[in-house]
Structure formats: C-alpha cells, structure tokens
J.: 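My structure is below; once you've seen it, I'll send some questions.
Values below: all heavy atoms of this structure, side chains included; hydrogens, waters and symmetry mates excluded. Since we're looking at a predicted model, the values are computed, not measured. Residue numbers start from 1 in every chain, and the chains themselves are labelled A, B, ... in the order their sequence lines are given, proteins ahead of strands.
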Amino acid sequence: MSDLHFYNSYTRQKEKFESITPGYAGLYVCGPTVSGESHLGHARPYITFDVVQRYLKHLGYKVRYVRNITDAGHFEEEGRDAIDKVGEKAKLEKLEPMEMVHKYTSLFHHGMRLFNCEEPAIEPTATGHIVEQISMIQTIIEKGYAYEVNGSVYFDVKKYAQGYPYGKLSGRILEDQLETTRELDGQDEKRNKVDFALWKSAPPEHIQRWISPWGEGFPGWHIECSAMSSKYLGETFDIHGGGMDLMFPHHESEIAQSTIAHGHPPVRYWMHNNMITINGKKMGKSYNNVIKLSELFSGNHPILEQAYHPMVVRFYILQTHYRSTLDFGNEALQGSERALRRLWEAYDVLKKLSHPGTTEPKDENLDRQVSAWIAEFNDFMNDDFNTAKVIANMFELAPVINGMKGGQIAGGALSLATFTLLQENFKLFIEDILGLQPLAVAQSNKLDGIISVLIEIRADAKKRKDFATSDEIRNKLLKAGITLKDEKDGSVSYSLD
RNA sequence: GGUCGGAUGGCCGAGUGGCUAGGCACAGCUCUGCAAAAGCUGCUACAGCGGUUCGAAUCCGCUUUCGACCUCCA
C-alpha cells in the first residue's frame, strides 16, 4: 500500500505525510466564530477535516484533533446595532456576550452532529485561554517583535520580515503591502499598516474585556489559535487546517507569532479547503448570499427549491475534491440526493448478500476488477484525500452488488475472499471514513409492524388478481412517503423518503 | 491596481501527455399484472487561437472570461 500524501499549502506541493511523533498525529482546525449561525460554507472545512481525521485514525494514527471556538473579539450579530444603541437601558435588553456565544455554539454543535462529524478531542475556547494568550504576547514583546501603543499591542511585521519569510504561505510580498497601504494610514497607532493586533484596548462601550498588563482589553484574532494550538499540540505540530480565505492574514500571522514566541515555525503541513460558491460567488456575509444551515435543512430560503438532508450535503461536498471550489445549485444537490440513495441501497443489499463459500471465482475478470476497485479506495485517499474518486469506485461496484442480488451476476462470480473484502471495505469507507449515514433513519418497530400488515393485505389482493386494491395500497403508501418494491423473489420491501 | 487560481458534455464534477472517471438528467431494451427498483445499452466533452510533440483536456504562449485574497470571513 502506498503512503499518505497530500498537498501542503505552505510548500505548494504534495508531500508524504510523516508525523512528528510516530504513531501520533496532531491536527488543528480553525473553528467557527460563534457570533452568528453557521452556514453552508462552514460545512465544508468541518466535513473535510472530519474525513481527514477519520482517515488518519484508519491508518493507525492516534489523532488529537483540536478545533477551537472563537468566542472573543469584536462581535457582530444581526440586530446588534439596535441593541447597542439602547446603550444604558435595562440589563436584559443588552447583548450579553455569553448568551450569544452559548446560543451559536449549541447550534453549531447541533449542525455538526447532523453532519455526522466526530467531535474533536479538544474544543478550546478563546475566552478560556486569555492567560495563555497574554503570556504569549509578553514573550513576543520581550523578544522585541511587538510594541504597545495606548493599551494595544501590535506585532511588528516589518521587523519580522527582515529575518523571516513573511508572506510565504499566502504568496504575497511585503513591499507591495507596504506601498499600497502606506498613504492610507497616517494616523493609525500602528507603525505600519501591515502590523496586526495581538491585544486590543477595549473602548468603554466594549462589553468583552479582560485585565492585562496593558490595561483592559481583548485579544487579537490571530493569537488565540497560536496560543491554543501550541498548548494542546505542541510548539510544532503536524497539520493545521482551515478555509483558504484564512490564509491571509490569519494563518500568515499565526506563523509569524509562533515563530517569534517559540523560535521555530508552528506547523509541518498546512491544508486549506476551497470555498463553496453560489452562482459563482463565494458564500459570505459581504455578498449577502448566505444559506444558513437551518435554512438548508428546512428548505426555507428563496434560493432553495426544497429542503436538503444533512447527509446529502455531506455527500455533495465529498463528491468534490476539497481543493476545488464547489458551486451550489439545486439541480446538483438533487442529483446528490438520488445518487446517495442509490448508493446506500446498494450498500444495504451488500450487507444482506451471502456467498456460496467457493474459494475460486467463477468470473476471474470480474473478481480481479472488483479487487482493484477496492484496493483503489486506499490509493485514492492516500493521494490528497481524493474522496471524489473513492465515491466513483463505489458507483462502479454498485451494479456488481445489485447484479449479484438480481441474478445477472452468478453467486460465486467472486471468490469468497474478494466478496468478504468487498463487504468489509465498503462498510469501512462509506461509514467509517466518509462518515455517511442512511437518509431514512431506522424506522420504529411499530411502523414496521403496520406496514407488514398492509403488505400482507396487498399480497392477498394480488393473489386474487385484485390489482385495483393492491395498487391502491401501494399508491396511498407512496403518498405517505413509503415506497413498496416487489422483489423478484416475490418478497416485498419498502423504503421511507 | 497587486497577488493567486479557475474555465470539462443539459447539470454537478474527477482527471496532468496516449488506456479518454463517476453521479444526476435524458433515450432505448430486459425483468415485471402494472409500478418502483435493478440490470444492459446509448449520449464521448474538455473557453478560443497559436505552439511543443509521433500524440494534449493535460505542457508552453497569447486572448477572452469567471472567481479568490489584499478588510471580518470556512
């Protein structure tokens, strides 16, 4: 089997993955800012890195997956202006940061569960690590790469750039930055516009504030990730992930801060997922084209023709390589829904199939082909987590599976060994690694009993050639969202929408 | 304006030099009381123009066009 390779955004090439501590892998992913409800765009990184994390585990790594919650900083919430203008009114009418943070964190977790994203090992919050952040800022000041102005602390990017490759990750040149911004920036407290805040002095009306050596204030956006990732994963860790839009300034700043504070770069491999677009434009607040997760799942949005199941969204995302943009569209989502249904049905069939136990395949070519498709599951994942190709192979296997059930393919066409391999690996990849689930959740026993009764009545009617009655039962059940299928062997199966 | 990345059949999307994914949709056939499902078959595209090559969607150049980042952003 080949080794895991994936694209390192820092070096801009695919590299073989070698963890710092053999057998262990550290993964840090920038989590959400919980000042608003998560949207479809947020689903991409968390699903992408959930699969990364699952696959690393499959390869035998003991994974520590850390994903933060950004609950400190300069929050903007819908309606915040109105609330702030109320100013000195009753306490209950004021925005309580903890309340908002709690609400959106809960919603985020709910969304993650629906997407079947496994929980990170550690989910640190920025507000819970103020001490660590202050300490790191102090170190940077001591080393001479940060300065204080009016209670705020800024990182001296220009000085840093003299000794370190600032801009390498995001591919920008400091000189350009300085030139394009200099004239706009006469009155700022920063020495250069490119400098970024490590700590911000809080104006009196700012509600989130902590005591620091520089007065009351709150941490800058970038420092939290550096402080928390180094605390839980070490000063140098394996993989840092996040959306491409975070490369600059966020990730670039993280590198600079950590490099000064710890004396070496923080991350071995940088991974960035691409954006989800809608009508070709990135989904984001500034474009006013956001589809929130709750809207997506309920279909309650002008752009949406229907509601979409979380698993359809997960499948849709995994059908595309994580480094490509993914354009949202109703037709595409609907296609994914049908595709996932078909795939899952084949998987269900496979689980129930039995094998005659013959060790020699009756159809050597098919046996060889099936073995190859299965072997490729690993190869594709090892090549930059190509979930799209894994899924394509599953669709190659689906007709084989269905054919074995339908009789188009003979019972012992595959050897017992290949058949077993197929069963094991299909489960492994579709459930454990891609993390997919069936669309219709397990029906209750009672419902099962009721439908069985109806199926019996219908079978009686059919026996009497009373097709009017049998069709009526089937059609009415269909309207209720239950599809009956007359199987070739005379049995009847059903599925829920 | 600067930097970077795209442009693949009706739609979504893999794919980096020859073997030309996959899904959805569509059409025909088989099975079937009829359906549904399933199976089989068909649909062969790579923005345009040059160039390199025995051979290019894939490499190079130009053009057109879309987008991302440069400010909070997954």
J.: Could you work out the separation of B:U3 and B:G23 based on their C1' atoms and round it to a whole Å?
T.: 36 Å

J.: Check this one for me: any side-chain N or O of A:Lys389 less than 4.0 Å away from OP1 or OP2 of B:A21?
T.: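 A:Lys389 to B:A21 OP1/OP2: no side-chain N or O under 4.0 Å.
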
J.: Which of these nucleotides, B:A35, B:G39, B:C70, is closest to any side-chain atom of A:Pro399?
T.: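 Of B:A35, B:G39, B:C70, B:G39 is nearest to the side chain of A:Pro399.
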
J.: As a test of understanding, state which of A:Tyr308, A:Phe297, A:Tyr46, A:Phe49 forms a ring pair (Phe, Tyr, Trp, His ring centres under 6.0 Å) with A:Phe115.
T.: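 For A:Phe115, the ring pair (Phe, Tyr, Trp, His ring centres under 6.0 Å) test succeeds with only one of A:Tyr308, A:Phe297, A:Tyr46, A:Phe49, which is A:Phe297.
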
J.: Would you indicate what A:Leu333 reaches in the nucleic acid, counting non-hydrogen atoms under 4.0 angstrom: base, sugar-phosphate, or nothing?
T.: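 It contacts nothing in the nucleic acid.
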
J.: For A:Lys282 and B:C69, is the shortest distance between a side-chain N/O and OP1 or OP2 below 4.0 Å?
T.: yes

J.: Rounding to an integer number of angstrom, what distance separates B:U52 and B:A56 when you compare their C1' atoms?
T.: 10 Å

J.: Just how far, in rounded Å, is P of B:C72 from OH of A:Tyr104?
T.: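 The answer, rounded to whole Å, is 21 Å.
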
J.: Under a 3.5 Å limit for both distances, which nucleotide forms a Watson-Crick or G-U wobble pair with B:C4, could you say?
T.: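 Partner of B:C4: B:G67.
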
J.: Taking only N and O in the side chain of A:Arg338, is any of them less than 4.0 Å away from OP1 or OP2 of B:A25?
T.: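 A:Arg338 to B:A25 OP1/OP2: side-chain N or O found under 4.0 Å.
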
J.: If pairing requires Watson-Crick or G-U wobble contacts with both distances under 3.5 Å, which nucleotide is the partner of B:C26?
T.: B:G42

J.: Taking any heavy-atom pair under 4.0 Å as a contact, classify A:Met394: base, sugar-phosphate, or nothing.
T.: nothing

J.: Ignoring hydrogens and angles, does a donor from either the side chain of A:Arg44 or the base of B:A74 sit under 3.5 Å from an acceptor on the other?
T.: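 A donor-acceptor contact between them is absent.
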
J.: Between atom CG in A:Asp327 and atom P in B:C24, what is the gap in whole Å?
T.: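 In whole Å, B:C24 P lies 20 Å from A:Asp327 CG.
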
J.: Is it the case that B:C4 (base atoms only) and A:Arg172 (side chain only) share a donor and an acceptor within less than 3.5 Å, ignoring hydrogens and angles?
T.: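 There is none.
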
J.: Would one find a side-chain N or O of A:Arg342 under 4.0 angstrom from OP1 or OP2 of B:G22?
T.: no

J.: May I ask you to evaluate whether A:Arg341 reaches the phosphate of B:C24, defined as a side-chain N or O under 4.0 Å from OP1 or OP2?
T.: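 So the side-chain polar atoms of A:Arg341 never come under 4.0 Å of the phosphate oxygens OP1 or OP2 of B:C24.
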
J.: Nearest-Å distance, OH (A:Tyr166) to C1' (B:U3)?
T.: 14 Å

J.: Rounded to whole angstroms, how far apart are CZ on A:Phe328 and P on B:G67?
T.: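 Atom CZ in A:Phe328 sits about 18 Å away from atom P in B:G67.
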
J.: Using a 4.0 Å heavy-atom cut-off, does A:Lys281 contact any base of the nucleic acid, only the sugar-phosphate backbone, or nothing at all?
T.: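 Counting heavy atoms under 4.0 Å across all strands, the contact made by A:Lys281 is with sugar-phosphate only.
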
J.: With a non-hydrogen cut-off below 4.0 angstrom, is A:Ser170 in contact with a base, only sugar-phosphate, or nothing?
T.: nothing

J.: Counting only side-chain N and O atoms of A:Thr320, is one of them less than 4.0 Å from OP1 or OP2 of B:C12?
T.: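 No, A:Thr320 has no side-chain N/O under 4.0 Å of OP1/OP2 on B:C12.
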
J.: Quick check on B:G39: is either OP1 or OP2 less than 4.0 Å from any side-chain nitrogen or oxygen of A:Asn402?
T.: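 Answer is yes, contact under 4.0 Å.
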
J.: How would you label the contact of A:Ala339 with the nucleic acid (heavy atoms, under 4.0 Å): base, sugar-phosphate, or nothing?
T.: sugar-phosphate

J.: Would you measure the distance from the P atom in B:U65 across to the matching atom in B:G22 and give it in whole Å?
T.: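 The same atom, P, in both gives a distance of 35 Å.
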
J.: Does any part of the side chain of A:Tyr154, heavy atoms only, come nearer than 4.5 Å to the side chain of A:Leu198, both counted from C-beta?
T.: no

J.: Under 4.0 Å, heavy atoms only, any strand: does A:Gly284 hit a base, just the sugar-phosphate, or nothing?
T.: nothing

J.: With heavy atoms under 4.0 Å as the rule, sort A:His272 into base, sugar-phosphate or nothing.
T.: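 The answer is nothing, as A:His272 stays clear of every strand by at least 4.0 Å.
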
J.: Between B:A38 atom P and A:Asp348 atom CG, what is the distance in whole Å?
T.: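 Result: 13 Å.
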
J.: For this output row, return yes or no: ring centroids of A:His110 and A:Tyr104 closer than 6.0 angstrom.
T.: no

J.: If you assign A:Phe395 and A:Lys485 each to the RNA chain B nucleotide with the nearest heavy atom, which residue ends up on the more 5' nucleotide?
T.: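 The residue closer to the strand's 5' end, by nearest nucleotide, is A:Phe395.
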
J.: Kindly say whether the aromatic ring centers of A:His251 and A:His272 come within a distance under 6.0 Å.
T.: yes

J.: Check whether any side-chain N or O of A:Ser336 sits under 4.0 Å from OP1 or OP2 of B:C12, and answer yes or no.
T.: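 The answer is no; no side-chain N or O of A:Ser336 sits under 4.0 Å from OP1 or OP2.
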
J.: Could you give the NE2-to-P distance, from A:His251 to B:C70, as a whole number of Å?
T.: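 It is 12 Å, rounded to the nearest whole Å.
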
J.: Considering every strand shown, what is the Watson-Crick or G-U wobble mate of B:G50 when both distances are under 3.5 Å?
T.: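 Looking at the geometry, B:G50 pairs with B:C60.
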
J.: Give a yes or no on whether a salt bridge exists between A:Asp384 and A:Arg323, defined as a side-chain N under 4.0 angstrom from a carboxylate O.
T.: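 Salt bridge: yes.
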
J.: Could you tell me how far B:A7 sits from B:C43 if I compare only their P atoms? Round to whole Å.
T.: 25 Å

J.: Can you check the distance between B:U20 and B:C34, where both ends of the measurement are the C1' atom (answer in whole Å)?
T.: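 Pairwise C1' distance, B:U20 against B:C34, rounds to 41 Å.
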
J.: Which nucleotide wins on minimum distance to the side chain of A:Gln408, given the candidates B:A38, B:C12, B:C34?
T.: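 Of all the options, the side chain of A:Gln408 is nearest to B:A38.
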
J.: Taking the side chain of A:Arg474 as heavy atoms from C-beta outward, which of B:G33, B:A74, B:C34 is closest to it?
T.: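 Closest nucleotide among those given: B:C34.
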
J.: For A:Gly329, which contact category applies under a 4.0 Å heavy-atom criterion: base, sugar-phosphate, or nothing?
T.: nothing

J.: For B:G33, which nucleotide is its Watson-Crick or G-U wobble mate, given both distances must be under 3.5 Å?
T.: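 Pairing partner: none.
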
J.: How close or far is atom C1' of B:U32 from atom CZ of A:Phe467, stated in whole angstroms?
T.: 11 Å

J.: With a 4.5 Å cut-off on side-chain heavy atoms, are A:Gln319 and A:Ser336 touching?
T.: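 Side-chain contact under 4.5 Å: yes.
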
J.: Would you say a side-chain N or O of A:Asn386 is under 4.0 Å from OP1 or OP2 of B:G15?
T.: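 A:Asn386 to B:G15 OP1/OP2: side-chain N or O found under 4.0 Å.
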
J.: Identify, between A:Phe315 and A:Asp471, the residue whose nearest nucleotide on RNA chain B lies closer to the 5' end.
T.: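 In this pair, the answer is A:Phe315.
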
J.: Is a side-chain N or O of A:Gln53 found less than 3.5 angstrom from the main chain of A:Asp50, in a donor-acceptor match?
T.: yes

J.: Answer with base, sugar-phosphate or nothing: what part of the nucleic acid does A:Leu326 contact at a heavy-atom distance below 4.0 Å?
T.: sugar-phosphate

J.: Do A:Lys158 and A:Tyr160 form a cation-pi contact, if we require the NZ or CZ to be under 6.0 Å from the six-membered ring centre and within 45 degrees of the ring's axis?
T.: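 No, A:Lys158 and A:Tyr160 do not form such a contact.
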
J.: If you check every side-chain atom of A:His42, which of B:C11, B:A35, B:A74 has the closest atom?
T.: B:A74

J.: In whole angstrom, give me the gap between the P atoms of B:A38 and B:G50.
T.: 46 Å

J.: Checking only heavy atoms, does the side chain of A:Asn274 share a donor-acceptor pair with the base of B:G67 at less than 3.5 Å?
T.: no

J.: Under 4.0 Å, counting only non-hydrogen atoms across every strand here, what does A:Gly41 touch: a base, just sugar-phosphate, or nothing?
T.: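 A:Gly41: base contact, heavy atoms under 4.0 Å.
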
J.: So which nucleotide from B:G15, B:C69, B:G22 ends up closest to the side chain of A:Glu396?
T.: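 Out of B:G15, B:C69, B:G22, the nucleotide with an atom closest to A:Glu396's side chain is B:G22.
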
J.: Are A:Arg12 and A:Tyr7 in a cation-pi contact, defined as NZ or CZ under 6.0 Å from the six-membered ring centre and within 45° of the axis?
T.: no

J.: What integer number of Å spans the P atoms of B:C19 and B:G28?
T.: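 Each nucleotide's P atom is 32 Å from the other's.
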
J.: Could you give the distance separating B:U41 and B:G6 at their C1' atoms, to the nearest angstrom?
T.: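 B:G6 and B:U41 have their C1' atoms separated by 35 Å.
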
J.: Name the pairing partner of B:G9, where a pair is Watson-Crick or G-U wobble with both distances under 3.5 Å, or state none.
T.: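 Base partner found: none.
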
J.: Using a 4.0 Å heavy-atom cut-off, does A:Glu345 contact any base of the nucleic acid, only the sugar-phosphate backbone, or nothing at all?
T.: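 Touches sugar-phosphate only.
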
J.: Quick one about A:Glu431 and A:Gln437 (side-chain donor to acceptor, distance below 3.5 Å, no hydrogens or angles considered), yes or no?
T.: no

J.: Roughly, in whole Å, what's the span from CD in A:Glu472 to P in B:A35?
T.: 19 Å

